[in-house]
Structures are given as C-alpha cells and as structure tokens.
Amino acid sequence: MKRTWMMMLTLMACLGLAAGEKAVGNWHIVPLPRDMQVVAEAPFAIDSKVTVHYPEGDERQQRNAELLAGYVKELTGISLQTTTRERGRQIRLAVRPMQEGNEAYRIEVTRSGVTIEGGSHAGVFYGMQSLMKALPIVASAKRVYLPAVRIADAPRFGYRAFMIDVGRHFFSIDYLKKLVDVMAMHNMNYFHWHLTEDQGWRIEIKKHPKLTEIGSVRRETTLGGKKGYDGVPVSGFYTQEEAKDLVAYAAERYITVIPEIDMPGHMQAALASYPTLGCTGGPYEVCCDFGVIDDVLCAGKPSTLQFAKDVIDEVMDIFPSHYIHIGGDECPKKRWKACAACQEKIAQLGLQDIPGHSREDQLQTWFMGEIQKEIKSRGRVVMGWDEVLDGTPSKDITVCAWTSPKAGVRAAKEGHRTIICPISNFYFSNPHWNKLTGMPSIQRVYDHEPCSDELTPAEQANIIGAEGCIWTEWVKDAKKLEWEMLPRIAALCEVQWTAKEKRNLNDFCLRLLHMQDLYRHYGLNYKEDIEEAIRQQLVKP
C-alpha cells in the first residue's frame, strides 16, 4: 500500500497536480538508486542564501560546485554562490573513501542542509546528478524544496557508454557537447566516438592530410533502394584541437571519450584519399551508399600497416582514453583472397585454414595484433567489435558484442572483457528494430539483461558494462538523432546502473515522466507518442 501511495504522489507531481503552491522536488529519479530512505522531517529549502561548499584548494570539487550551481539556476532560476567557507544552510560536497567504489555516493538531506559525499570526485558528480533530477522545474522561483532523504548508491557496471557515429553524418563539436551533457544526466562515463567510415573520415591526421582534404567529403547520399541519390554533398571533420576541446569538456563531467578508427574494413574514405592503401589500387571514391563494402585496407602491404600505425599514434596523442577502439567489424575477405600481397603475407606467416577460422580471418587477426602492439606500447587497451572473435585474438582485447546477445555470451565464455551492445536491444537507430514504437521501443532496452543466465558467475564477471549505439546512415540532423536517443537512453542507463532485482518497468515509467520534463526543459526532442504510451502503461491493471 505504501509503495502504491508513493507512486501515486509521484504521478501527481509529474502531471503537475501536486497540492499547494510550494515547488517541491521528488526523489523518484532515473536511474533508481541502490538504497534510498525518504525521511519524515521537514524538507530543505533552497533559495539565494544557500551556498555550495567545496574544500579549499580542490579545483575539481570547485568545478563540481560550479556545475551544481548551474543546474540549480537552469531548473529553478535560483542563483547559488560557491564557497570554501562553512556556514549554515549549505549544500556540501566531499570526497570520502567508500567500500562500494570510487563511483559510489551518498546524499543526506535534512531541513538544515545537504551533504553529497562520493568515493571520488566522480562519485560526488553522480550524487549531483541525482540532486539535479530531484529538483522541481520552475520558470523562476524564490525558493524550492528538497524532501529529506538518505541515499547510498553505486553503479552496477563500471563501463556505461553511449556511441555516436559521425562518419555517415557530421555533427558539430558544440552539438556533441550537448549530447555529452545528456550522457552525464544519465550517469554514463564513456562516450564512444565512431570517427571514420566508408562514407567519411572525420578526424584530422597531420601526417596524412588527404584523409580530411579528400576523405571528409562525399558528393551525395543514397536515398535507399532504387530511389537514387539526394544530390547533396556531405562534409565536415574535427581538427585535433577541436577533438581535444571535446575531450576536456567531457572529462569535466567524468566522461572519457573513446575514439574509434574502424579498420581494416569500413575504410573506403581512406582509400579514396590514398588509393595505394587498397588491394587493387583503385580508383576509389568516398562511398555514397551504405552497407558492407568489399574494398578494405590491404593487409599484405607494409606501407598500409605503417599508415594504420601512424593514424593510431596521432589518435593516442589526442585522446588520453585507456581504451582505443579499432573496429574489426564487417571486413569482407574477397579482395584479400585475390591479392598477391595478402596471399604472400599469409604464406610468410604460415597461416592455414582451421575449423571456424579461414587463413584470411587469421590475417586480420595478425593485422589487428600489430596495431594492438602499438597501442599496448603506450599503455592502452584495444577494443574491437565481436567479429574479431572470428580470428584468434589475444584475450586482452575488450569486445563490444553487437551482432546478437549470443555474441556477448561467446565473448565472455572465451575470456574477453565484454561490453554488451546487441543490435536487437541497444542499437537505437537500426531501421528494423526501430519499427517498434511506443512502449515496446523502451521495453526492448529496459528488459535486456547484460549478464546472461547461460554464463557461469566467473564468466559473468567478464561482462564489464553495456553501451547504446546510434548509427547515422539515416540520421541526418539533431532532431532525428534525439528522437532515436530519447527516452531509450534513460532505459539503458537504468540497465547500466541499477541492480537487476531492483528494476521494474512500471516503476521506471513513473519516474521516466519527470525525465521527459527535463528533456523538454533542455530543448531536447522526443516523439510525443512515447509520453502517451508511458501514461497508458501506468494505468494498465
């Protein structure tokens, strides 16, 4: 009965039906915390006399304090000052060692103040996100109230990511910063940035300038099927300084940017720029069509391998990420089978067909292994899509399992650190799966369990997290991208953060209504039929 009553109060608040004129917040937030106790005492009043306290000399905590004051201003109109002086009626930020880990946090709200403690500065930041999402949204207020509460929270998974493909369609740095803020709101800690494609090369490589001079521009884009082409050129790339700027912006929000240079397939923009990198020598052009392309990097030429190393070295100079993603997906072997240089390399390496792995599959494993050596020499870790398992890769490659839920099971069973991102559940832009509308489009994300029952406890320990993906073949603008992302990213973040046994779709939908309010407030786009579907879900018997 108590749970039902609390759910009804939350629904009233989300519908704007809360009694009285006080602007009162609500702790029914996304993602659901591990442990939360609403305390039966007066709420904390936030007005312009409240300050945000941080320890003197702690620059990262000062930045946290400034961000929190910004959230309060954006949502309520109330301006808070930050300070290193302790006084009454404060929101106090502090780092304390926590048994639950660095990303754990605790919040205590009483009538006299708010304390947010984290196992690290990142933990404090996640506590700030929870406070931000608990605030009432008002145009301009002199005072708002936070209900008294005690929260002890920590994430289920240490890897919580979202991927955006900018190869097919280009999005500006300013817009990507907006999306980083969306990821931060959903407690994510990695932004997987898919930077290169057959249809466009988007990152400046100073040693190979034609990659952006030629490879960043395509003359037009397919309309699909037999509909022809749109006749509209697509271009754009990021300078290294722009990329570093985004990395710094994300880092302030405790998000690491993981760069992806997809190889040896999905490389026709590079081949168009430097035709000698391919098996046939071209001519090539930046692809106007989508799909799996036969022309790939020539694995038999030493110059091609050196090119790949040059690119990865510059990428590692730009991105401090522990992980460097080198793709490995959808690489047809047609050209390699007919290429004298590739066949000579296969013979030189003594590669033979073995059950489940062709000689050419093993050539890809060798090629990726050479790039991995370069990455490991810099103290970094290689990521790849699950097709890397078709060869015989080393166990220290982290696998992004996308082709099916079974790919995640396979990767974990084979001993790889595994990220769950199946096309059937966590791809938000796939045309087939996105035929699902309304609640099914949310439920397919929310109900997917990353740790399959097919895995033993030891194998489940190889599942380090989950990732959502947006591929932009048919996503040309911000409105479409946000339609794809929202509110599925909220369902994903609860899968990433909240323990399996605590997840409940109806309870999530109730809390999701306030997230919709936040999306509207921040000018984010989502299809309105989603909101109606959520309300219908809540009134089901």
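The main-chain N or O of E374 is found under 3.5 Å from a side-chain atom of S377 such that the two form a donor-acceptor pair. Under a 3.5 Å cut-off, the side chain of R380 and the backbone N or O of M316 do form a donor-acceptor pair. Panel note: side chain Q352, backbone R359; no donor-acceptor pair is recorded below 3.5 Å. No donor-acceptor pair closer than 3.5 Å links the side chain of S429 to the backbone N or O of I470. Proximity of a side-chain donor or acceptor of R444 to a complementary backbone N or O of S424 within less than 3.5 Å is detected. Proximity of a side-chain donor or acceptor of N189 to a complementary backbone N or O of G158 within less than 3.5 Å is detected. Panel note: side chain T472, backbone H169; a donor-acceptor pair is recorded below 3.5 Å. Remark: the backbone N or O of V445 is not paired with any side-chain donor or acceptor of N425 at under 3.5 angstrom. Distance alone, capped at 3.5 Å, is enough to place a donor-acceptor pair between the N64 side chain and the H121 backbone. With hydrogens and angles disregarded, a donor-acceptor distance shorter than 3.5 Å links the side chain of Y446 to the backbone of N504.
Partners of K500 by side-chain contact (heavy atoms from CB on, under 4.5 Å), not counting sequence neighbours, listed by chain and number: R156, E449, D453, R503. Every residue two or more places apart in sequence or in another chain that forms a ring pair (Phe, Tyr, Trp, His ring centres under 6.0 Å) with F290 is listed here: W474. Residues satisfying the salt bridge (charged side-chain N to carboxylate O under 4.0 Å, His left out) test with K309, not counting sequence neighbours, are none. In terms of the ring pair (Phe, Tyr, Trp, His ring centres under 6.0 Å) criterion, residue partners of Y254 (sequence neighbours excluded) are, by chain and number, F125. For Y238, the ring pair (Phe, Tyr, Trp, His ring centres under 6.0 Å) partners at least two apart in sequence or on another chain are F170, W193. Considering only residues two or more places apart in sequence or on other chains, D289 meets the side-chain hydrogen bond (donor to acceptor under 3.5 Å, both in side chains) condition with Y229. Under the side-chain contact (heavy atoms from CB on, under 4.5 Å) criterion, N462 pairs with A412, not counting sequence neighbours. Every residue meeting the side-chain contact (heavy atoms from CB on, under 4.5 Å) condition with R34, not counting sequence neighbours, appears here in chain and number order: E100, D153, A154. Scanning for ring pair (Phe, Tyr, Trp, His ring centres under 6.0 Å) contacts around F157 gives an empty result, with sequence neighbours left out. Looking at residues two or more places apart in sequence or on another chain, you find a side-chain contact (heavy atoms from CB on, under 4.5 Å) between I354 and H357, Q362, T392.
Of the options W385, Y323, Y159, a ring pair (Phe, Tyr, Trp, His ring centres under 6.0 Å) to H192 is made by W385 and by none of the others.
Once rounded to the nearest 0.5 Å, the distance linking SG of C421 with CG of D386 reads 7.5 Å. Separating the CD1 atom in I164 from the CD atom in E484 is a distance of 11.5 Å, to the nearest 0.5 Å. Here the NZ atom belonging to K502 is positioned 6.0 Å from the CG atom belonging to L32, to the nearest 0.5 angstrom. If you take NE2 on H448 and CG on L492, they are separated by 10.5 Å, rounding to the nearest 0.5 Å. Distance check: E473 CD to D165 CG gives 6.0 Å after rounding to the nearest 0.5 Å. To the nearest 0.5 Å, atoms CG (L297) and CE (M267) are separated by 5.0 Å.
Within a 6.0 Å radius of NZ in K527, other residues, nucleotides and ligands contribute 12 heavy atoms or fewer. No more than 12 heavy atoms of other residues, nucleotides or ligands shown are found within 6.0 angstrom of NZ on K479. For CD of E414, the number of neighbouring non-hydrogen atoms (other residues, nucleotides, ligands) closer than 6.0 Å is greater than 12.
Residue V409 comes nearest to L455 through the heavy atom pair O-CD2, 3.7 Å, listed as atom of the first residue, atom of the second, then distance. Looking at every heavy atom in both residues, I203 comes nearest to A243 through CD1-CB, 3.9 Å. Listed here is the closest heavy atom pair of P259 and V315: CG-CG1, 3.6 Å. Taking each heavy atom of E103 and P155 in turn, the nearest pair found is OE1-CG, 3.5 Å. When all heavy atoms are compared, the tightest approach of W201 to A270 is CZ3-CB, 3.9 Å. Residues E387 and T403 come closest through the heavy atom pair OE2-CG2, 4.1 Å.
One side chain, S130 or Y105, offers a donor N or O that lies under 3.5 Å from an acceptor on the other. Residues D507 and H28 bring no donor and acceptor atom of their side chains to less than 3.5 Å of each other.
Salt bridge annotation for D295-R335: present, with a cationic side-chain nitrogen under 4.0 angstrom from a carboxylate oxygen. The pair E482-K178 meets the salt-bridge criterion, with a side-chain N (NZ, NE, NH1 or NH2) lying under 4.0 Å from an Asp/Glu carboxylate O. Using a cutoff of 4.0 Å between basic side-chain nitrogens and carboxylate oxygens, R520 and D517 are scored as salt-bridged. For E242 and R202, the salt-bridge test fails: no basic side-chain N is under 4.0 Å from an acidic carboxylate O. The existence of a salt bridge linking E494 and R511 is confirmed by a sub-4.0 Å separation between a basic side-chain nitrogen and an acidic carboxylate oxygen.
A cation-pi arrangement is found for R253 relative to Y249, the charged atom lying closer than 6.0 Å to the ring centre and inside a 45° cone about the ring normal. For the pair R378 and F319, the cation-pi criterion (under 6.0 Å, within 45° of the ring axis) is not fulfilled. Judged by the 6.0 Å and 45° rule, K333 forms a cation-pi pair with W336.
Applying the salt bridge (charged side-chain N to carboxylate O under 4.0 Å, His left out) test to pairs two or more places apart or on separate chains, none has a residue in residues 258-268. For residues 185-201, the pairs satisfying salt bridge (charged side-chain N to carboxylate O under 4.0 Å, His left out) are R168-E197, with sequence neighbours left out.
Checked against the 6.0 Å centroid criterion, the rings of W497 and Y126 qualify as a close aromatic pair.
Taking 4.5 Å as the limit, every side-chain heavy atom of I255 sits out of range of all side-chain heavy atoms of Y190.
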Derivation of the salt bridge (charged side-chain N to carboxylate O under 4.0 Å, His left out) call for E59 and R63
CA-CA 6 Å; E59 293 183 2; R63 179 58 183 159; over 6 Å; no
With salt bridge (charged side-chain N to carboxylate O under 4.0 Å, His left out) as the criterion, how do D396 and R417 come out once you've worked through the C-alpha distance, each side chain's angles and the decisive distance to 0.1 Å?
CA-CA 7 Å; D396 52 0; R417 286 163 60 88; over 6 Å; no
With side-chain contact (heavy atoms from CB on, under 4.5 Å) as the test, would you mind laying out the steps for I326 and I261 before giving the verdict?
CA-CA 5 Å; I326 57 173; I261 306 296; 5.6 Å; no
Would you sort out whether Q496 and N187 count as a side chain to side chain donor-acceptor pair (under 3.5 Å), showing the intermediate values?
CA-CA 9 Å; Q496 294 170 332; N187 294 22; over 6 Å; no
